[in-house]
Amino acid sequence: MAVSGTLYTYPDNWRSFKAQIAAQYSGAQLRLRCSPPHFRFGTTNRSADFLRKFPAGKVPAFEGDDGFCVFESNAIAYYVSNEELRGATREGAAQVLQWVNFADSDIVPPASTWVFPTLGIMHYNKQATEQAKSEVRRALSVLDAHLQSRTFLVGERVSLADISVVCALLWLYKQVLEPSFRQPFGNVTRWFLTCLHQPQFKAVLGDVPLCQRMAQFDA
Amino acid sequence: MAVSGTLYTYPDNWRSFKAQIAAQYSGAQLRLRCSPPHFRFGTTNRSADFLRKFPAGKVPAFEGDDGFCVFESNAIAYYVSNEELRGATREGAAQVLQWVNFADSDIVPPASTWVFPTLGIMHYNKQATEQAKSEVRRALSVLDAHLQSRTFLVGERVSLADISVVCALLWLYKQVLEPSFRQPFGNVTRWFLTCLHQPQFKAVLGDVPLCQRMAQFDA
Amino acid sequence: MAVDFLSNENIWFEKFKYDDAERRFYEQQVNG
């Protein structure tokens, strides 16, 4: 039976995109609540009613029409997925988890360190940014080698691995991975564009212009 | 068919404990390689042979006797688990993922910030430590409320959720959660000890003495 | 603007420092 429910988040949350894209593949019905009057980030997620359902007070948070509640973006994306997205075999499911965790542990921290100052939401620190760039290079080279002989990260079709890693890379590709920086990682960019052009990704992300000139920190 | 294979790690790696405890429940056969001559951390995991199997060069890393290779501790723990540990229903599996991710995102960072200086492996920073203590308190209070009416985190039996969160809390309970600090979180400590006393946890962790006096940073 | 919400994100910015410290700690241990 297809899942249906409400996804609470703030607008354009890359963490919420994972569940939204997964739902496009699985047919799960997601009602997005990301702005007033239905949801006000910082207020609604601190209310007693919200905390009763989602004790960590974090978004994204999902409440099924059957009352089932779950938080943590990867858990929500898993819940609204189908078997194919999750990995149909034990090996496939383990490899999906591997890349989902790789995105959270090896991509998100350096990507945020590099991109946030360019958005003006964090102080710029030259050393931290240079360190982040080298971490991003390392993660992209692992992905590039893996995608040398593959269309998608796990198996022959799109899975939660592709959805999670694409969403973790979004800000990088939009904001700072200018052509000269991404030149050594051609397999990753090919794979990234292949995913973006899938109708299920496009339905959620729309058109994603790749960075042409690396954004500098926004003083 | 039960899984069998080699787990590469360094000694006493809490991330590897997850797969080792899971294997105690599932019957998977794990050959631990964590010291010379079989494995020298910093050398073996940088070798061409290792990087061919595990391109990120990270440990823990698992190589099945059938040649299947996977890295990322949560993926390995999932692979060597059984259906019961993973969560037998879609809801159960999503809740397991929720707590596994909660451990990585809300417990590991502040626990590392607080504990590493007491082990002498990071500089002490008073402000960061105080911030970490408050984040640990917040995570423990979420767990304590959840465990108010539950024996285990998901369903009626031990799952990967309990295994992952126990392993993420190990250093805290051993090193800094002295009785006065952990007093408000009695449900968590009860649950933590219940898990530790399971023979499958004890087989891997042995006896875990709870902290009696909060360790200060080791100048 | 959606970007402002990002600043509320729970990101472990210092993760590489801790990974590095942990790696050095255990490499030293292994190498005595």
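Just so it is clear, the model here is predicted, and its values are computed rather than measured. Values reported hereafter were calculated over all heavy atoms of this structure, with side chains retained and with hydrogens, waters and symmetry mates removed. Note on naming: letters A, B, ... go to the chains in the order of the sequence lines (proteins, then strands), and numbering restarts at 1 for each one.
- Other residues, nucleotides and ligands place more than 12 heavy atoms under 6.0 Å from the CZ atom of A/Arg31.
- Contact annotation: the side chain of B/Glu83 never approaches that of A/Arg90 to less than 4.5 Å [non-hydrogen atoms, C-beta and beyond].
- The number of heavy atoms from other shown groups lying within 6.0 Å of CZ (B/Arg33) is above 12.
- Both the backbone and the side chain of B/Ala93 have a heavy atom closer than 4.5 Å to some heavy atom of chain A.
- At a 4.5 Å heavy-atom cutoff, the contact between B/Ala56 and chain A is made by backbone and side-chain atoms alike.
- Taking a 6.0 Å sphere around CG of B/Asp12, one finds it holds 12 or fewer heavy atoms contributed by other residues, nucleotides or ligands.
- The two residues A/Asp104 and B/Asn101 come nearest to each other via the heavy atoms OD2-OD1, 3.9 Å.
- Residues A/Gln98 and B/Ile76 are not in side-chain contact: their nearest non-hydrogen atoms beyond the backbone lie 4.5 Å or more apart.
- Taking every heavy atom of both residues into account, B/Glu72 and A/Phe102 meet most closely at OE2-CA, 3.5 Å.
- The contact between B/Phe68 and chain A is made entirely by side chain atoms (from C-beta outward), counting heavy-atom distances below 4.5 Å.
- Neither the backbone nor the side chain of B/Ser141 comes within less than 4.5 Å of any heavy atom of chain A.
- Residues B/Leu97 and A/Leu97 have side chains in contact (heavy-atom distance under 4.5 Å, counting atoms from C-beta outward).
- Contacts from residues 149-161 of chain A to chain B, taken as heavy-atom pairs separated by less than 4.5 Å, involve no residues at all.
- Across A/Leu51, A/Val96, A/Val142, the residue that shares the most heavy-atom pairs under 4.5 angstrom with chain B is A/Val142.
- Taking every heavy atom of both residues into account, B/Ala94 and A/Ala75 meet most closely at O-CB, 3.3 Å.
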